[in-house]
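Read the numbers this way: they start at 1 and go in the same order the structure lists the ligands and their atoms. Throughout, residue positions are numbered sequentially from 1 according to the sequence presented. These numbers come from a predicted model, not from an experiment.
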Amino acid sequence: MTATPDTVPAGVPDIYSPDCYTGGVPHGIFTELRRTSPVFWQDMPGEPGYWAVLKHADVEYVSQHPELFSAERGGIVLEDLDEVRLDQLRGTLLAMDPPQHRAYRKPLVKSFTARVVSGMEGRIREICREIFARIPDGDVEFVHDVTSSLPTQVIGELMGLPEEDWAYLHRLAERTNSQQDPEAARDGYGPGDASREMAMYAVQFAMKRRTEEPREDLTTLILESEFGGKMMTDIEFGSFFMQLVTAGNDTTKTMLSGGLHALLTHPEQLAALRADPSLIPGAVEEILRWANPLHYFRRTATQDVELRGVQIKAGDKVAMYYSSANRDEEVFEDAQAFDISRRPNPHLSFGFAEHFCLGVHIARLEGRVFFEELLAAFPRIELLGAPTRLRSNLNNALTALPVRLMRS
Ligand code: HEM
């Protein structure tokens, strides 16, 4: 079924189909479902369907109760994975349950605090300036020409990866996140190939690093820390590495390109930002709410449980729809409006509770510094046409955004 973002097609909606997202997020459908069927059963082709949890309070509830809704049992995407891929995924924080999850997350937290991350501001600003300096005045495709290098470089620096490998890893991260899009799949990578290749790269990277002097980066921290009482093997490091590189890559890129698109389609708010750059942090939060990079993450019910009067059976898939929760009219006034002055803004784009995004401070810093530097570098920015969207029910990504960037 295809739908424009604000219409509700007749018949039973299909919010699983990736085609439902190519014309824009189906907010009309989500709004109607929040009213009529806020815990909605959605069928899937060829395998069991799932419960779509659409209200803000319910997404928080599911996130807060890993004992009822497991990330580990069935992973975090809707499609059931084979045991090999599921096992690989279970080596990442995202797909662990407590107590293992807490034991693995704890040693990392100190590298991701707001204070430590604020020390990266100067370097992130330099990277943004270098990126913009390379761009000539005129027409560009913003997603690839501008946004893609920032997150790759930031993660590359954080992990201490050789600079000559950044572009290669970025390509693998993109493949991992765009498997439902036939355009992106043309280069011959099958499901799981890119993440396997990245994990293999990481295993070799770890082996080499163990023979070298320790450095002040996240790789050294991970290789020298104990997780649940033992050191990580190179294979475990591979899964972990894969998650850090993919988690912080496309999501950040989407925040930047989706954010510019939101601002260009709301020129009065772009003008307000230009007039007062101190509004940028609030604008970044509203971009994250309104153009949230991830539509959902999945859990699996560990026992029979009732949610909003709906009986969920042990083993059922449950999807927490951030795209819907962020527009819940019970929480956000004028929820469909893009409003950079919105306060408070308790969006769920970074998840909530147990698995709350570890990279949240990095993402916010990248967002703020990127827009500060972009608006300073280019006094005029124009939208040249409609963006192209990734065919995906998970990643709310743009694949192309044609704009004109002018220095005068
Ligand atoms: C705008 C950018 C980003 C968005 C929207 C985002 C979103 C999310 C979401 C929704 C979750 C899962 C929450 C859950 O399951 O409840 C998550 C977890 C995670 N994110 Fe991010 N993320 C972003 C950037 C980053 C960056 C830059 C990094 C690292 C450099 C990062 C690393 C992680 C990690 C390691 C986890 C797993 C945490 C855990 O399971 O304990 N993310 N993120």
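Near Gly351, with a cut-off below 4.0 Å to any heavy atom, the atoms of ligand 1 are 10 (C), 13 (C), 16 (O). Close approach of ligand 1 to Leu288 (heavy-atom distance below 4.0 Å) involves ligand atoms 1 (C). Ligand 1 places these atoms under 4.0 Å from at least one heavy atom of Ala363: 1 (C), 2 (C), 24 (C). Proximity to Phe297 (heavy-atom distance under 4.0 Å) selects the following atoms of ligand 1: 9 (C), 10 (C), 11 (C), 12 (C), 15 (O). Those atoms of ligand 1 that come under 4.0 Å of a heavy atom in Ser349, given as number and element, are 5 (C), 7 (C), 10 (C).
Taking the six-membered ring for Trp and thresholds of 30 and 60 degrees, Phe132 and Phe378 have ring planes more than 60 degrees apart, a perpendicular arrangement. A tilted orientation is assigned to the rings of Phe30 and Tyr321, their planes being inclined by 30° to 60°.
Aromatic pair Phe227/Phe240: centroids less than 6.0 angstrom apart.
Between Thr31 and Glu329, the side chains place no donor N or O within less than 3.5 Å of an acceptor N or O (distance only, hydrogens not considered). In this model, a donor atom of one side chain and an acceptor atom of the other lie less than 3.5 Å apart for Tyr201 and Asp165. A donor-acceptor contact closer than 3.5 angstrom links the side chains of Ser324 and Arg34.
The list of side chain to side chain donor-acceptor pair (under 3.5 Å) pairs with a residue in residues 206-221, not counting sequence neighbours, reads Lys208-Glu212, Arg209-Asp217, Arg209-Thr220, Arg210-Asp234, Glu212-Arg215, Asp217-Thr220. For residues 269-297, the side chain to side chain donor-acceptor pair (under 3.5 Å) pairs, not counting sequence neighbours, are Asp276-Ser278, Glu285-His347, Glu285-Arg364, Glu286-Arg289, Glu286-Arg342, Glu286-Asn345, Asn292-Ser323, His295-Ser323.
Enclosure of atom CD in Glu306 by more than 12 non-hydrogen atoms of other residues, nucleotides or ligands within 6.0 angstrom is indicated.
Nearest protein heavy-atom contact of atom 34 (C) of ligand 1 is Leu358 CB, 3.8 Å. Taking atom 28 (C) of ligand 1 as the reference point, the nearest protein heavy-atom neighbour is Gly359 CA, 3.5 Å. The protein non-hydrogen atom at the shortest distance from atom 24 (C) of ligand 1 is Thr251 OG1, 3.6 Å. For atom 14 (C) of ligand 1, the nearest non-hydrogen atom of the protein is His355 CB, 3.3 Å. When hydrogens are left out, the protein atom nearest atom 6 (C) of ligand 1 is Phe350 CD2, 3.7 Å; that is the closest non-hydrogen contact.
Selection from Pro293, Gly248, Cys357 by nearest heavy atom to atom 8 (C) of ligand 1 gives Cys357.
Considering backbone and side-chain atoms together, Arg299 places an N or O closer than 3.5 Å to an N or O of ligand 1. No N or O atom of Ser63 sits closer than 3.5 Å to an N or O atom of ligand 1. Taking only nitrogen or oxygen atoms, main chain and side chain alike, Arg105 reaches within less than 3.5 Å of ligand 1. When only interatomic distances are considered, the shortest N/O to N/O separation between His101 and ligand 1 falls below 3.5 Å.
When each of Phe69, Phe352, Phe297 is paired with Val62, the side chain to side chain contact (heavy atoms under 4.5 Å, CB included) condition holds for Phe69 and for no other.
At a 4.0 Å heavy-atom cut-off, ligand 1 touches Gln243 through the side chain alone.
At a 4.0 Å cut-off, not a single heavy atom of Leu348 sits close enough to ligand 1 to count as contact.
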